[in-house]
Structures are given as C-alpha cells and as structure tokens.
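Just so we're clear, the structure is a prediction, and the values are computed from it rather than from any experiment. Below, chains carry the letters A, B, ... as their sequence lines are ordered, and counting in each starts from 1.
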Amino acid sequence: MFYRLSGIKHVSYAADRQLWPVPFDRYLVIAAVILGITAPFYLSPLYLGSYMLPWIIWATAALSLNLLMGWAGQIHLGFAAVMAIGAYSAIHLARAGVPFELALLLAGLLSALIGMIFGAAALRVKGLYLAVSTLAMQYMIDWIISHVPAISGGSQATLQTPVIRILGFPVDSDAGRYWVALAVCALVTIFMLNVKRTSFGRALVAVREKDFAAAIIGVNPFYYKLVAFWVSSFLGGVSGAVLAFCYYRAVTPEQFHLDVSIQAVAMVIVGGMGSILGSFFGAALVLLAPIVLNNFVGWFVAAIGLSLSPEVLALIPLILYGGLIVGFLLFEPLGLAKIYDNIRNYFLVWPFRHARR
Amino acid sequence: MNRIALNLLGAAALAVTTGSAMAQDKVIKIGLAQDFTAVYTFVTSDYNQGQRDYFTLINERGGIKGHKIQAEVVDTANQPQRGIEAYERMKNEGAVLVDFLSTPVSRAVVPRALKDQVNMLTLFHGRSDAADGETFPYIFPMTPLYWSQATNILQYIKEQEKGNLKGKKIALVGIDSPFGREPQPIFQALAEKEGYELGIYPYPSPGNEQSATWTAVRRFQPDWTVIWGAGGGQTVSLREAIRNGIKLDRLLSVIWLSEVDTEIAGKEASKGVLRFEGAAYGKDAAVIKAIETEVVAKGKGAGPAAKVGSTYYNIGVAGAALVAEGIRLALEKNPNGPLTGAQLKAGLESIKDFDAQGLIPPVTITAKDHQGGGKGRISQWDGSKWVPKTDWYAASQDLVWELVRKNAEEFKTSGK
C-alpha cells in the first residue's frame with residue numbers, strides 16, 4: 001500500500017541509482033520541501049522562530065556529525081567546539097566586512113582545518129580513546145574562546161552578529177533568516193544524500209566496518225579518516241555559523257559547551273546512525289522534546305487543577321524525557337529513522353507480508 | 001502536613017488565577033523563565049519563591065491600582081534555546097517583563113528584548129554594561145553590578161585598614177569564567193591607585209576542586225582574601241579557606257554566599273566570614289514580616305515557610321518589589337492600561353529612593369542609570385545569622401561607570 005512498486009523498472013544504471021525510485025517517496029519529499037519552504041506563511045512567529053528554525057539548524061549540524069559518526073564510524077565528543085569555531089570565525093569575518101556568503105565558507109574552512117588537526121588523533125586511536133581525545137578538543141577550544149577576549153568579545157563575552165546580507169540585500173526578518181537556514185540545510189541534505197552513492201561514501205563505510213579490512217581492499221583509511229573529519233568539520237562549522245547568525249544573533253561561549261556536544265551526539269544516536277532522515281528526527285526529539293514536554297506538563301498540571309512547586313514541575317519533564325529516549329532506543333536500537341523504515345517496509349508489501357525480505 | 005499545605009496552596013493559586021481572570025481582565029503578565037534543574041539551582045527556587053510570595057502579597061492586597069500581577073514560571077535548564085522559546089511564548093502571551101536569572105540565557109535574549117520592547121530584569125546577573133540605560137533601554141539590573149560589589153568590598157577593606165592600603169596584600173580567588181574575571185579590572189585599577197599588592201588566583205570551573213589554588217593563596221600570605229564564585233564553588237572556597245588557615249574575618253565574598261554555604265562548611269567553623277549584601281537578611285524588614293503574616297500564615301506561600309527571610313529568598317522579594325514599584329509608577333501615568341513594555345520601562349525609570357521598606361538600599365533608576373546607585377553593605381556570619389557590619393554605601397562609582405560606558409560603547413559600535 002502507498003509505496004507502490006508496480007511499474008518501476010530499472011532499465012538503465014541511472015534509473016537504478018535514483019535517490020527515490022518509489023513514487024510515493026518522491027511525493028513525500030516534495031510535500032516536505034513545500035511544507036518547509038512555505039513554513040513562514042502558515043506557522044506563527046513563535047513556532048517558526050523557536051521550533052522550526054532551531055530544528056532545521058540543529059538537523060544540519062546533526063547531519064554533519066552523522067557523516068563522521070554514522071558513515072565513517074568515528075565518535076566525536078567535541079562537535080560543539082567545531083561549531084563554535086565556525087560561529088566565531090564567521091562573526092569576526094562578517095564584522096571585518098567580508099560578505100556573509102564568503103564568511104560562511106571561510107568559517108567552514110577554518111573549522112575544517114582545526115577539526116582535522118584534532119581529528120588526526122583518529123589515525124592513532126579508536127573508540128573510547130578517540131572519544132576522550134575529541135573531548136580534549138572541546139575543553140581546549142572552550143578555554144581558548146573564553147580566555148581570549150579578542151575572540152569572545154571583551155569582558156562581557158558576548159558578540160552580536162551583524163545583519164545577514166545575501167548578495168548585498170539585508171535579511172532582517174524571521175522568515176528571511178529561516179529561509180537562509182533552510183537553504184543551507186537543503187544543500188547539506190542534498191550533499192549527504194549523494195555521499196551515500198559515491199565511492200567516497202562507500203569508502204567511509206568500509207573504514208567504519210573495519211579499517212584494516214578496508215586497507216586490504218585498497219581503501220586508504222589514513223586518507224579517508226582525515227577527509228571524513230575535514231568534511232564533517234566543514235559542515236559543522238557552517239552550521240555553527242548559521243546557528244549564530246540566523247538563530248541566536250548574539251553569541252556567548254556557553255552556547256557551545258560540552259552539553260551541546262553531548263546533545264549533538266544524542267541527536268545522531270537517537271535519530272539513527274548513518275541515516276539522513278534520522279538526523280532530522282533526532283534533532284527534533286533531543287531539541288524540542290524538553291520544551292514540548294515542559295509546556296505539556298505545565299498545561300496538564302494546571303488543567304487537572306493540581307498545584308506543584310516549580311522544581312517538581314521542572315523535574316517531571318526531565319524524567320519523561322529520559323524515559324522517552326531510553327524507550328525509543330529499547331524499542332528500536334537503530335534509532336527513530338529505523339522505526340519509520342519498519343513502518344515503510346510493512347506497507348511496502350502490504351498485504352503480502354510473506355513477500356517481505 | 002506538608003501535603004495538606006500544598007493542596008491548600010494549589011486550590012488558592014487556582015482560585016486566585018481563575019478568579020482574577022474572571023472578575024477583571026486587568027492582569028499584568030510577568031515571565032519567570034528560570035533555571036530550576038541545571039546550573040543556578042543553588043539560588044533559583046528560593047529566589048523564585050520570594051518573587052511569587054511578594055506578588056501574592058500585592059495581589060492579596062487588591063493588586064496595583066486594580067491590576068493583578070500574574071507570574072508565569074517555567075524551567076529553562078540554563079539552555080539558551082529553551083530560554084528563547086520561553087521568551088517568545090511569554091511575549092506572545094503579553095508579558096511585559098521577563099526574568100531569567102541566568103547569564104547565558106539573558107545574554108542570548110538581550111537583542112530580542114531590545115527589539116521587542118520587553119523589559120528584562122537582570123538582578124545580579126547578565127551583562128554589567130546594561131546599567132547604561134541609553135544603550136540598553138529595556139535591560140534592568142537595578143542592583144549593584146559586580147564591578148560595584150568589587151569597589152564596595154575594597155572600600156570596606158580600606159576602611160578596616162584605616163584608609164591606607166599601601167603594601168597590603170589582597171588575594172582575589174575566583175572561578176575561571178567570564179563571571180569570575182569580571183571584577184579583575186576594578187581590582188587592578190584600584191591596586192594602582194591604592195598601592196596594594198594584588199594576587200589573582202583562578203580555580204577551574206565549576207569549582208569542585210580548588211585545593212591547588214588555595215595552596216598558592218596561602219603561600220601569598222594575603223592580608224585580605226576575596227572569593228568570587230557562585231553555587232557549589234563558594235562552599236568549596238569557604239572550606240578551603242578554613243582549612244588553609246585564612247582568617248575568616250578577613251575573607252570577603254561576592255553576593256553569592258549564603259547560610260547554605262556556611263552550614264555545609266560548618267556553622268561554627270565559618271563564623272566571622274564577610275560578604276557583600278544587596279538585600280537585608282532575615283525577617284526584620286517590614287515587607288518580609290508582611291509576607292509572613294499576610295501570605296505564609298494564611299497558607300498561600302509559594303514554598304517552604306522555613307525559606308522566608310533567607311538570603312536568596314529576600315533577593316527575590318527585592319526584585320519583585322522593584323518590579324511592582326515600577327508597575328505602580330507606570331500605572332500612575334497610564335491608569336487604564338493595558339500596560340505596554342514601553343510604559344513599564346518609563347515606570348521603572350522613574351523609581352526614586354525606593355527601599356522596599358528597608359529591605360534594600362534606596363534605589364533610584366533613571367533613563368541613563370539602570371543600576372540605581374550601586375549601594376550595598378558588608379555583613380558577617382555570626383554562627384547563626386548574617387549581621388550587617390556597615391550601613392548601605394556605594395564606592396568608586398566613577399570607576400564603575402567608566403567601565404560601563406566603555407563596554408556599552410563597544411556594544412554600540414560593534415553590535416546590532
């Protein structure tokens with residue numbers, strides 16, 4: 001049902017390598033794109049600015065991290081630091097008069113460079129050891145940002161972002177900023193969709209599965225691990241800059257602390273390692289669930305006429321949130337994207353369940 | 001017993017909110033989106049309880065010129081994105097004033113609040129240069145900035161040394177964060193002027209482990225020691241100071257030192273420690289007594305009665321009292337409402353010599369000066385309570401304002 005396969009014939013290599021061979025998938029994507037682009041027209045400023053906008057920016061960041069964690073299999077506990085490098089360099093460049101588009105790219109390049117240097121640790125260590133060395137990156141970058149006033153912005157440690165200018169036109173509305181973030185998100189998503197079907201993507205997967213096995217079949221793990229760190233840090237830097245310019249508009253060191261790195265890793269794991277849709281789901285759950293739960297619990301408690309102290313009211317959503325994450329991962333260890341995939345697989349052959357692979 | 005009280009309180013709160021909404025629509029909304037679960041837990045619940053108890057007191061007395069104050073409380077967990085969401089939602093619901101009690105959240109919301117004309121209370125947190133009301137029209141610290149607290153503390157030391165600090169050694173032991181480094185320019189500038197020797201000893205954030213720092217402090221042999229931290233780090237500082245034989249009547253703290261810290265460090269052991277005080281401790285102030293009899297005794301208190309009169313509770317009451325005074329003045333000019341952010345701003349800026357019935361030093365806010373005088377006092381722990389050692393006073397405000405203007409200028413030229 002829905003995902004009809006009849007009439008799909010792979011008669012050329014191009015047709016076989018299509019991103020979405022099933023028409024229903026294509027319709028879904030088109031619908032999502034239309035909904036995304038027209039969001040400013042049907043969402044109130046509150047939902048656009050405080051839910052939709054941070055969600056797509058964080059989804060971009062989660063996608064960037066997913067390239068490293070999901071595809072190349074390298075853990076990174078300092079991703080917020082990478083985003084911080086991007087955010088701070090973009091702001092300083094934009095303030096120095098560099099056009100926004102260029103500042104975004106240069107910020108990405110700088111993040112990529114620094115991220116790759118720290119990523120070089122991955123050439124020697126794996127797993128938990130790599131986690132610890134990337135953690136060191138987080139602490140070092142944090143320390144540098146907060147101890148160099150020239151970077152963090154003086155004793156108040158806050159930097160206001162200049163107004164975004166796209167091709168010389170100022171973008172100073174909620175909708176405008178949303179579209180800028182959406183455009184970046186779309187570009188990163190398209191890139192990630194295509195990584196899957198390139199030799200680069202397959203090489204990353206080979207490295208993830210076993211790096212010396214990859215070396216035996218002619219994939220150079222040394223090179224691909226570095227490139228994975230480079231690409232992921234580049235995209236992470238760009239998403240950090242977008243986060244600063246389109247969402248926060250004032251940057252402080254606390255916005256890129258360790259807890260943010262952990263959140264990014266949680267987004268990837270909860271959403272689904274190596275899944276594009278999963279990055280979106282994961283970002284939604286990790287970022288928005290606490291807010292939604294908080295509001296829901298507050299509303300619910302008021303509705304049933306109960307009066308609880310604010311501390312208790314604040315703790316209930318935390319408990320629910322923790323339970324939600326554990327529950328989802330118990331239900332489907334491969335993440336939220338896999339839950340969707342299971343549903344899709346079910347309908348793909350419905351009602352002929354015996355035909356399921 | 002406690003549960004009965006809670007239930008009663010629930011019924012009362014519900015009756016108050018629904019009752020006031022039905023009887024009249026004249027409600028002034030205030031957003032208290034604070035950090036109940038992450039970093040500021042050491043202060044938030046007491047502070048928030050004080051705020052709500054004061055608003056209950058005002059509402060019980062019939063509100064301000066027929067307007068009831070309605071405070072919405074929500075947790076932000078100190079995360080800027082949650083603060084921004086709460087801010088946007090409260091703004092939509094018509095809040096004219098917000099209070100985050102969190103430096104990261106406040107800083108992230110400043111540009112939005114300035115643009116939306118929503119007043120933001122930044123009592124003892126947030127940007128210090130927000131005292132410059134012309135650059136930050138909607139941001140209200142209304143209490144002594146950290147720079148003012150530093151000058152205040154140094155003034156006390158100078159008086160104790162009979163006006164001469166030459167050759168004295170002062171150690172500044174603080175958390176290694178922007179907050180901990182904030183007083184440094186004041187300590188350095190006054191070191192040059194007064195001729196004391198300054199030793200700066202930062203300890204790494206969050207301050208659970210400070211032993212190495214205090215060994216260095218002991219080697220420095222300071223005449224006076226000033227601790228500059230907040231939350232758990234302060235307790236550790238106090239304990240380490242005691243362990244290292246620092247004379248406690250020569251140990252001063254920034255405002256964030258309370259009876260909770262002295263209790264953990266030992267009530268008797270921490271006897272003599274001094275701190276900066278921005279709002280009177282205890283139940284002596286008339287307004288705290290009024291809350292006891294009119295709110296808490298009637299079972300309408302927002303939390304445990306034991307907290308009434310504690311340090312952070314009273315700071316909460318002070319903040320709420322300043323806000324209520326601003327609202328009163330704003331309603332005097334615009335009696336019919338609905339009160340807008342801009343009107344409340346004007347109201348807050350016409351607060352003159354307001355001392356919340358002895359709870360705080362007389363505060364005067366103007367369109368230029370959102371700090372309100374920078375007055376505070378030094379109080380001492382006597383083993384069971386905080387005893388004021390001085391009257392309310394301010395010191396070296398010219399130096400403070402030099403820094404305020406310099407930073408505000410930077411914001412103006414580079415920001416926006």
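- Residue-environment remark: NZ (Lys307(B)) stays at or below the threshold of 12 foreign heavy atoms within 6.0 Å.
- Comparing Ser128(B), Ala108(B), Ser177(B) by how many heavy-atom pairs each has under 4.5 Å with chain A, the most go to Ser128(B).
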Would you list the atom pairs, donor with acceptor, under 3.5 Å between side chains in residues 79-91 of chain A and any protein atom, with sequence neighbours excluded?
| unit_1 | atom_1 | unit_2 | atom_2 | d |
| --- | --- | --- | --- | --- |
| Ser89(A) | OG | Ile85(A) | O | 2.4 |
| Ser89(A) | OG | Gly86(A) | O | 3.3 |

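- In this structure the side chain of Phe411(B) never reaches within 4.5 angstrom of the side chain of Thr158(A), judged on heavy atoms.
- Ile84(B) has its side chain within reach of Tyr247(A): a pair of non-hydrogen atoms, C-beta onward, lies under 4.5 Å apart.
- The shortest non-hydrogen separation linking Pro111(B) to Gln160(A) is CG-OE1, 3.4 Å.
- With a 4.5 Å cut-off on side-chain heavy atoms, Pro290(A) and Arg82(B) count as touching.
- The NE2 atom of His257(A) sits 7.5 Å away from the OG atom of Ser205(B) when rounded to the nearest 0.5 Å.
- Atom OG of Ser146(A) sits about 14.5 Å away from atom CZ of Phe179(B), to the nearest 0.5 Å.
- Neither the backbone nor the side chain of Glu72(B) comes within less than 4.5 Å of any heavy atom in chain A.
- Chosen from Gly126(B), Ala86(B), Pro80(B), the residue pairing most often with chain A at heavy-atom distances under 4.5 Å is Pro80(B).
- For Arg181(B), the part lying near chain A is the side chain, with the backbone staying farther off; criterion is any non-hydrogen pair under 4.5 Å.
- Heavy-atom contacts from other residues, nucleotides or ligands closer than 6.0 Å to OH of Tyr47(A) number 12 or fewer.
- Separation of atoms OH (Tyr87(B)) and CG (Leu46(A)) is listed at 11.5 Å; rounding is to 0.5 Å.
- A distance of 9.0 Å separates CD of Gln255(A) from CD of Gln81(B), quoted to the nearest 0.5 Å.
- Here the OG1-CD distance, from Thr37(B) to Glu311(A), works out to 10.5 Å after rounding to the nearest 0.5 Å.
- Looking at Leu313(A), neither its backbone nor its side chain comes within 4.5 Å of chain B, counting heavy atoms on both sides.
- In this structure, CZ in Arg89(B) is found 6.0 Å from OH in Tyr51(A), a value given to the nearest 0.5 Å.
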Item to check | Worked check of side-chain hydrogen bond (donor to acceptor under 3.5 Å, both in side chains) between Glu85(B) and Asn295(A) | outcome: CA-CA 11 Å; Glu85(B) 189 272 344; Asn295(A) 293 343; 3.2 Å; yes

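- More than 12 heavy atoms of other residues, nucleotides or ligands lie within 6.0 Å of OH in Tyr42(A), so this atom counts as buried by the packing criterion.
- In this structure, chain A has heavy atoms under 4.5 Å from both the backbone and the side chain of Asp129(B).
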Next on the checklist: Applying side chain to side chain contact (heavy atoms under 4.5 Å, CB included) to Trp143(A) and Asp176(B), what does each step give before you reach the verdict?
Outcome noted: CA-CA 9 Å; Trp143(A) 194 89; Asp176(B) 194 12; 3.9 Å; yes

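- Remark: the backbone N or O of Pro310(A) is not paired with any side-chain donor or acceptor of Asp75(B) at under 3.5 angstrom.
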